[in-house]
Each structure stands twice: as structure tokens, then as C-alpha cells.
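Naming convention: chains lettered A, B, ... in sequence-line order (proteins, then strands); numbering from 1 in each chain. In this text the structure is predicted, and so the values were computed from the model without any measurement.
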Amino acid sequence: MDYKNMFVEDLYDLLKSKIDKSMIRKMIEKPKYEEMGDLAFPCFELAKIYRDSPLNIAADLANKINTSNLYEKIEPVNGYVNVFLNKKEVSSGVVYEVISKKEDYGNLNIGKDGVVTIDFSSPNIAKPFSMGHLRSTVIGNALALIYEKCGFKPIRINHLGDWGTQFGKLIVSYRMWGDEQKVKKNPIKELLNLYIHFHEEAEQNESLNEEARQWFKNLENGNKEALELWKWFRDESVKEFSKIYELIGVQFDSSQGEAFYNDKMEKVVHLLEKKDLLQESEGAKVVQINNELPPCLIKKNDGTTLYATRDLAAAIYRQDTYQFVKSLYVVGNEQTLHFKQLFEVLEKMGYEWHEGLTHVPFGMILKDGKKMSTRKGKVVLLEQVLNEAIELATKNVMEKNPSLESKENVARQVGVGAVIFHDLKNYRLNDIEFSLEDMLRFEGETGPYVQYTHARASSILSKGNYQENNENINITDKEAWTIITSLMVFPDVIKRAFHGNDPSQVAKYLLELSKAFNKFYGSVRILDDYEKKQERLSLVHSVQIVLKEGLRLLGIEAPYKM
RNA sequence: GUCCCAGUAGCUCAGCAGGAUAGAGCAACAGCCUUCUAAGCUGUGGGUCGCAGGUUCGAAUCCUGCCUGGGACGCCA
């Protein structure tokens, strides 16, 4: 039920000669304060058209709109037409809709089953899973779920960083200082040490970089020793990553990394040549784009490829394989230029589908105001953070709910939920200063707060012998109205999150709904009044459904007890 | 040097396709558990919306310039 649209229709009937429906819809806003009503129509712009004061226009409109059973009250205030919706009518409509649709409430059909590939997470082999990769992982995962809710078919792609010059460096470092036993014992940590050590040495000795380039070239040429080492490093890393994905509940449809495109790059280079796009520049092969963007490097002067080459091959492969209508790249802010170049090159190659390509950038996780650098060993490991979060959640469960069964699982859900929510609640382009303290906060605007609210709602439903019933709902409690209006806009929130590729819209919404519910919970004794109990429980049930579904869209589990 | 992003309460942020009195959380202080989970609720204090112009009936929101922080700028990804 779209109540806003009804208001639009009413206004349109009165204004039709001057202004169209979509314009009216755009003008309608939500009043700033609850006591001003539920919908407001500002008349300032009409003043010019009608050559009358906004106050008069508002008064006139308010007068002429029929106070049908939809509106409780319509009043002109300061040039606005303020509408108070009929609480009984709307409450019963919204609760009915939520309860009958359940987790399908808020589903949209924007995507029409079109495929959207989402490239996210994409950690680098032989490097630890850092907090930076967490951002890409949780944002990408949430977007996949949100797109799915909007009627798309998401294909989750983990574009592993398993190819590139860094392997040359690693091979050189391993051959000079590596110890097989040590690596076997603690692969990621030891490989990271070798990587860091390489950079320390290379600062003194420039020829090491040259040697690393040579070894990468050997790797690309299929040198046996290089390939064996590469495969070993890769396998160990993938094992490590799977543990984390399992812990946070993320799955992929494809984990084909950059190496997968090795045999697909020559074709792309030929294609570029055939289309006469490739130029020689300082010994390298490049595609000139335009005056605003620097040229895109396709091949280095030693003939080896770059990541742009691999990304071109990957984009083409994905279109051939999946026929996507959209393709998202959830990759950090600092790679914006690269994606601009990549998309431009694909456009120059004549691919119509380049329009569906979108870079979804996000801000960095900073440490002391600076970017964290793997090379200097300045990284915070996700696994440690997750473990601490789970540990703290365990402590909390022990204190607050010692009799709870499956404490371990709940602690995992809450700890992980805290970390994911902390990352998703703010706009993705903001840089985040790393703070373990903030991440492990379970009170206030946090994931556990939303989970707790969900657990409260679930608990009261089972205590109150709730009978599912969505007929004749008449909720009159003052504190319930905020909940109703909040439940009502859930589909709009999904739409906004989709259009902005912005999961934080969902996170903020869940906080708003949770606050409204907790306020209600604090002031109304839901189970005490026998007469009103079932309809109040219907409201609680609606909240429980939407909280659970909202958390699900963020990739966060909703325990029934905690 | 060029380009991109950001600057709102002590801290972290919301609000920004212009609209009514600029909002939350944290931290501080004061209350609320013999009663549905206190990971909660209620209240108090706290603001030159970076600075200066401009557009407008109206600017935290749009435009220009400046300041500050961060990032990117061909052989890394």
C-alpha cells in the first residue's frame, strides 16, 4: 500500500493543469518533527505559478482535499500542507502486508532477473586478510543480497590477487631467505615476513627489484620452479581465507583469480591491435584514452602484462560467460583512476555493455591517520579482530544469559555481527580510523543492539503465545506509530540502498526501527492487557520479520535468544 | 604541480535531487530492573555546520575561491 501515492493523486487532482505527478511526488517530504504529521507538501514553488502567497495556497489545498478515511487531519502550516494519516487504517494495512509477505516484504522487481556480477573481497595471495579486505567483502556481500532482493541474479566473484609482480618478489625472497618448514607451519605469517623482508632489502639493493621482475617473467613463461612455488603459496593462502569466509558467512560463485586469465590475455592484446588502439610508448604498449585521462598500460617494456590487461580479459570473459546487465567492482577508492581507464578502453573497443560497469569505491581504513601498508608490515589482521570480538561476545553471554543453550554459536553471531555492522553503518566512501574499541562496542548504534532488539521481539512472541493473525488490527499506542511509519518505508530504504550501492542505508534504517521498538517496549507492557495482546504481538511480529530480513541483507545473523 | 574524496557537538557519524526549531550514538552527569531479556529505557549539559563570497523567498545541502586532512597521478595491484 503506497500511502504517499494517494496523497500525490489527491494533490494532482487539484493542481493538474500546472504540475505533473512525478514532480509532486518529488516535492512531498517527511516533516521534520512528528507532531507536524506524516507527509508534507511545500507550496513555495507554487507561489510563482499561482501568483499567490504559499500560505494561501497551502490553506486552499488543505481545505479542498477530502478527509477520506485515509487522512486523520490535514492542516496548513507555514506554507506546507501537513497530512496526518489515519492511524488505524495505516497500521492495520502495514502490519497486514508485512505479516502476509514475511521475508518477501520489501522485495522489488527492478532487476527483472538480469545478471549482475559482483567482484568483491579479492584478497591478495600470500598476504594476510586485512581489515581493508573486510570492507570490500562485507560491502560486496551486502550488495549481492540487496541486488537479489531487487530482482537481480547476483554472481559473486572473488577475483583473487594471485598473479603479478609481487610473486616475483616473493619467489626471490623465498629463494634467498625462505625456510620450507617455517612456511609450512605458519604460511601466511611467514610469507608476509618474506614479503616485508624483501622490501627492506630492496631499499638498499635496487637490483632485487630487477630480479623480482625477472622471476615474474619466468612465472609467466611457465618456468617449473616458479610455478611450483606459486601454486604452493596460492593453496596455502586459499585455505587460510576459507576459514575466514566460513566464519563470517560469505560464499562465492567463482573464485577464479587473476591467474585464470593468463591464457585469455593474448587474445585481448590482439583485439586491441586489430582495432588499432594499441600504441608503443617508451617501450611499453598503451591505449591512449583522451586528454583528461592518462593512457592505460597494457604491456610493460619487458613484454609482461599488467593488471589492466587482466581486468580487460576478465570483463570480456564475464560478459561472455554470464551476459551480465550490470557488473560491479567493489574495490578501494584509490583505484578509481584504474577503473575509469578500464571502462574507457572497453568503450573504445566497441562493447555496448560497458554501460553496465560500475566501480563501487570505498574509503580506506587508516591507522594514525595514514594508509596501512602491507610492505612495511603495518596491517591489522582481520582474524585477530574477529577472534577478539567473539571472545568479548562470549564473555557477555556468560554474564547476561548464562543459561542460554548454544552459547558458542550465539557469541560467534554477535561478535561477527558487531564487526560487520560497524563497517557497514557508515557511508562507504568515508575513511575509517581503525579503532578496536569502537569495533568491539556492543551498546548504542551497533549490530548487537539490533540483534538484541530482534531477540527481545522473538522472546516476547514466544512468551505471549502469539497466534499469527493479521485481521482487524487496531493499534492505538502512541509509541507504536513511529514503528508503523518505519515499517512502511522499508521498501523505499531497499530502493535507496540499491540506487546508491549503499548498504549503510539499510544499517541506519535498522537502528531507527530498533530504537522505535525499544521505546515502545519500554513504555508499553505488551503482554499485560489481554484485550490488546494479540494485536500488539502482531506489531512485534512485524518488527521481528523486518529486523531479521534487514540484518540478513547486511550479511548478519539474527539470533532468537542472546 | 594536476585530478578525486572529505571537513557538522569533546569523539564517531547522520542529515546534503535546497525547505519548518541542525539530529543520533559514545563519553560525562542524574534516574529506571520483586513485573515481557538493563546488550535496554528516560532526562540534563554540549553547535561560528572549515573560512569567504555567490545563486535563491529560503543554503549544512547548489556554484566559485581559499584553508586543512587524505588519496591517485605508465611499466605495483
Close N/O contacts between protein and nucleotides 26-30 of chain B (under 3.5 Å):
{"unit_1": "C26(B)", "atom_1": "O2'", "unit_2": "R441(A)", "atom_2": "NH1", "d": "3.4"}
{"unit_1": "C26(B)", "atom_1": "O2'", "unit_2": "R441(A)", "atom_2": "NH2", "d": "3.2"}

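A60(B) and A17(B): their C1' atoms are spaced 16 Å apart (whole Å). Comparing A6(B) with G50(B), their P atoms are spaced 13 Å from each other, to the whole Å. For A9(B) and A14(B), the P atoms lie 12 Å apart once the distance is rounded to whole Å. Between the P atoms of C3(B) and G46(B), the separation comes to 43 Å (whole Å). Taking atom P in both G70(B) and G65(B), one finds a spacing of 22 Å when rounded to whole Å. Taking atom C1' in both G69(B) and C76(B), the straight-line distance is 25 Å, to the nearest Å. For the C1' atoms, the distance from G45(B) to U37(B) is 31 Å, rounded to whole Å.
Taking for each of T304(A) and K26(A) the nucleotide of RNA chain B with the nearest heavy atom, the 5'-most of the two is the partner of K26(A).
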Enumerate, atom names and distances included, each donor-acceptor pair closer than 3.5 Å involving a side-chain atom of residues 339-346 of chain A, sequence neighbours excluded.
{"unit_1": "Q341(A)", "atom_1": "NE2", "unit_2": "P294(A)", "atom_2": "O", "d": "2.8"}
{"unit_1": "Q341(A)", "atom_1": "NE2", "unit_2": "P295(A)", "atom_2": "O", "d": "3.2"}

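Distances shorter than 4.0 Å separate none of the side-chain N or O atoms of T336(A) from OP1 or OP2 on C4(B). OP1 or OP2 of A77(B) lies within a sub-4.0 Å distance of a side-chain N or O belonging to R310(A). Checking the phosphate oxygens (OP1, OP2) of G23(B), a side-chain nitrogen or oxygen of Y33(A) falls inside 4.0 Å. Checking the phosphate oxygens (OP1, OP2) of U37(B), no side-chain nitrogen or oxygen of K400(A) falls inside 4.0 Å. For the OP1/OP2 pair of G74(B) and a distance below 4.0 Å, the side-chain nitrogens and oxygens of K299(A) include no atom meeting the criterion. Look at K300(A) and you won't find any side-chain N or O under 4.0 angstrom from OP1 or OP2 of G74(B).
Applying the side-chain hydrogen bond (donor to acceptor under 3.5 Å, both in side chains) rule to E206(A) yields the partners N209(A); only residues at least two apart in sequence or on another chain are considered. Every residue two or more places apart in sequence or in another chain that forms a side-chain hydrogen bond (donor to acceptor under 3.5 Å, both in side chains) with Q214(A) is listed here: N218(A).
A heavy atom lying under 4.0 Å from RNA chain B marks the following residues of residues 499-509 of chain A, by number: Q505(A), K508(A).
When base pairs are accepted only as Watson-Crick or G-U wobble with both N-N or N-O distances under 3.5 Å, RNA chain B takes part in stems of 3 or more pairs at B:1-7 with B:67-73, B:10-13 with B:23-26, B:28-32 with B:40-44, B:50-54 with B:62-66.
Between the side chain of D529(A) and the backbone N or O of K532(A) there is at least one donor-acceptor pair closer than 3.5 Å.
For the pair K519(A) and E479(A), the salt-bridge criterion is not met [side-chain N within less than 4.0 Å of a carboxylate O].
Contacts of P295(A) with the nucleic acid, taken as non-hydrogen atoms under 4.0 Å apart, include base atoms.
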